[in-house]
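Along the sequence shown, residues are numbered consecutively beginning with 1.
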Amino acid sequence: MKTDDYVRYTYWITSEQAERLARILKEEHGIRLRKAGGVVCTPLAPKSRVTLVTPQAWNRTCARQGSWYRTSSRAGFSLAVSSEPLEGFGFQLNTCITLSSKRVTERADPETKLKLVESRRYKSLEPSEWRDVLPAEKKRFLAWARKRGVTYDFEELFLTHSANHANFIDPLLFMEEGDAMIPYSIDRSAALCSCCLELYNVLGHKFPKKLVALCSGAVAFSRLPEDVFLEVRTTQQNDD
């Protein structure tokens, strides 16, 4: 896939706006607004046109990870994800997501990961549910990682998951573009979890640009390549 061929526009909208979007798309454009169901990263798939991620979707397949959404300012809102701008609806653009030619080159060492999760800002935002990982989920994450050559034990794997989110809250690893800080994912796809939080601006929306690597789940459900960056551009920045 060429980097210029892929783009996604995302919008946080109310339930009333979602109903109006579905009605207009059907009546005026003959397009059925699909719902993401229980996997919030499926709208990233190249063949997806317009998909709605409802609040309920965050409670299903990745319910533990969805605790970040439920404790955020986005809670209760739906997310419209479209391959084209949704013009004429009055929606405010949340993120524009494109494939980047940049690759994951510098990864965080264990010391840096520990520093990231010790950040006061990260600790103040981390939901208690995030740490309640069931045994079956641990086995699944380890199997995904080892299948792709990552040999971390679960403690290091979960530390990486947490530290990666922390790097979009209080970054230690970032690029600079003029006066702007551009945080990026700290490890390869097989060692990451819930990239949707950064792609959809649940986390890190104070940064005008982020470089986000897909997590294992998103690679599987979106059918996008692993270990590449998605560039996430934000038009309006707020504190997390």
Side-chain angles (χ1 to χ4, degrees), residues 7-22 33-45 48 50-83 85-86 89-98 119 121-132 161-162 164-171 183 185 192-215 217-218 221-222 230-240:
V7 63
R8 286 294 178 274
Y9 302 89
T10 76
Y11 308 81
W12 287 106
I13 58 178
T14 65
S15 57
E16 292 79 10
Q17 289 174 320
E19 290 175 3
R20 182 165 63 89
L21 174 63
L33 178 61
R34 296 181 178 273
K35 291 186 178 180
V39 183
V40 302
C41 52
T42 53
L44 299 170
S48 177
V50 187
T51 308
L52 189 72
V53 179
T54 66
Q56 294 74 27
W58 297 89
N59 302 332
R60 294 173 183 161
T61 303
C62 297
R64 178 181 59 83
Q65 295 88 332
S67 61
W68 286 97
Y69 161 80
R70 293 189 293 274
T71 56
S72 76
S73 61
R74 314 299 191 186
F77 287 88
S78 294
L79 186 79
V81 183
S82 176
S83 59
L86 295 177
F89 293 96
F91 301 160
Q92 182 176 347
L93 181 65
N94 173 48
T95 61
C96 178
I97 304 169
T98 54
S119 158
R121 184 69 176 147
Y122 174 78
K123 286 183 173 181
S124 71
L125 292 173
E126 183 193 70
S128 58
E129 189 180 350
W130 169 248
R131 292 187 170 273
D132 295 336
H161 293 175
S162 300
N164 187 61
H165 291 323
N167 200 54
F168 292 98
I169 295 172
D170 193 3
S185 300
L192 301 178
C193 174
S194 45
C195 64
C196 54
L197 300 173
E198 286 79 34
L199 294 174
Y200 297 160
N201 262 355
V202 175
L203 295 177
H205 55 271
K206 69 179 181 180
F207 299 104
K209 187 184 292 186
K210 304 188 292 285
L211 291 171
V212 180
L214 291 174
C215 63
F221 289 112
S222 73
L230 293 177
E231 181 178 296
V232 182
R233 282 173 284 153
T234 303
T235 55
Q236 181 180 15
Q237 291 82 51
N238 300 287
D239 289 337
D240 285 319

Residue pair Phe221 / Leu214, side-chain heavy-atom distance below 4.5 Å: no
Could you tell me if the side chain of Ser67 sits less than 4.5 Å from the side chain of Trp58, heavy atoms only? no
In the structure I gave you, are the side-chain heavy atoms of Lys35 and Thr54 within less than 4.5 Å of one another anywhere? yes
For Pro127 and Thr71 the tightest heavy-atom approach is CG-OG1, 3.6 Å
What pairs with Glu129 under salt bridge (charged side-chain N to carboxylate O under 4.0 Å, His left out), at least two apart in sequence or on another chain? Arg70
When rounded to the nearest 0.5 angstrom, what distance separates CZ in Arg64 from CH2 in Trp130? 5.0 Å
Ala218 versus Cys41, closest heavy-atom pair with distance: CA-SG, 3.7 Å
Report yes if the side chains of Phe77 and Ile13 come closer than 4.5 Å at any heavy-atom pair, otherwise no. no
Drop me the distance from Leu52's CG to Glu19's CD, to the nearest 0.5 angstrom. 10.5 Å
Evaluate Arg74 against Asn201 for side chain to side chain contact (heavy atoms under 4.5 Å, CB included), listing each step before the verdict. CA-CA 9 Å; Arg74 314 299 191 186; Asn201 262 355; 3.7 Å; yes
Quick one: does Thr234's side chain get under 4.5 Å of Lys210's, heavy atoms only? yes
Are Trp12 and Val202 close enough, and set up right, to give a side chain to side chain contact (heavy atoms under 4.5 Å, CB included), and what steps lead you there? CA-CA 10 Å; Trp12 287 106; Val202 175; 3.9 Å; yes
Quick one, Thr10 and Leu199 - any side-chain contact, counting heavy atoms below 4.5 Å? no
Looking at residues at least two apart in the chain, or sitting in another chain, which of them share a salt bridge (charged side-chain N to carboxylate O under 4.0 Å, His left out) with Arg233? Glu231
Looking only at heavy atoms, which two atoms of Gly38 and Thr61 are closest? And how far apart? O-OG1, 2.8 Å
Side chain to side chain donor-acceptor pair (under 3.5 Å) against Ser15, all qualifying residues, sequence neighbours excluded: none
Main-chain N/O of Cys193 paired with Asn164 side-chain donor or acceptor, under 3.5 Å: no
Excluding sequence neighbours, so at least two apart, what forms side chain to side chain donor-acceptor pair (under 3.5 Å) with Ser78? none
To the nearest 0.5 Å, tell me how far Ser124 OG sits from Ile169 CD1. 7.5 Å
Spell out, as yes or no, whether a donor-acceptor pair under 3.5 Å connects the side chain of Tyr11 to the backbone of Leu86. yes
Partner residues of Arg131 under the salt bridge (charged side-chain N to carboxylate O under 4.0 Å, His left out) criterion, sequence neighbours left out: Glu126
If you measure from OG on Ser72 to CG on Leu203, what distance do you get to the nearest 0.5 Å? 7.5 Å
Separation between CZ (Arg20) and CZ (Phe91), nearest 0.5 Å, reads 5.0 Å
Output all residues satisfying ring-ring contact (aromatic ring centres under 6.0 Å, His included) with Tyr9, sequence neighbours left out; order by chain, then residue number. none
Using the rule given for ring pair (Phe, Tyr, Trp, His ring centres under 6.0 Å), can you reason through Trp68 versus Tyr122, listing the C-alpha separation, both sets of side-chain angles and the distance that settles it, and then say yes or no? CA-CA 12 Å; Trp68 286 97; Tyr122 174 78; 5.8 Å; yes
Nearest heavy-atom approach of Pro55 to Gly76 is CG-O, 3.6 Å
Are the side chains of Ser48 and Arg34 in touch, meaning some heavy atoms are under 4.5 Å apart? no
Go through it in stages, so that I can follow the logic: the residues are Val7 and Cys96, the test is side chain to side chain contact (heavy atoms under 4.5 Å, CB included), and I'd like the CA-CA distance, side-chain angles, deciding distance and then a yes or no. CA-CA 7 Å; Val7 63; Cys96 178; 3.8 Å; yes
Ala213 versus Ser185, closest heavy-atom pair with distance: N-OG, 2.8 Å
Any donor and acceptor pair, going by atom type alone, linking the side chain of Thr95 with main-chain N or O of Ile97 inside 3.5 Å? no
Between the NZ atom in Lys123 and the OG atom in Ser162, the distance rounded to the nearest 0.5 Å is 12.0 Å
Beyond-backbone contact of Gln17 with Phe89, side-chain heavy atoms, under 4.5 angstrom: no
Using every non-hydrogen atom in the two residues, find where Leu79 and Val81 come nearest and quote the distance to one decimal. CD2-CG2, 3.6 Å
Using a 3.5 Å distance criterion without hydrogens, assess whether the side chain of Arg8 forms a donor-acceptor pair with backbone atoms of Pro43. yes
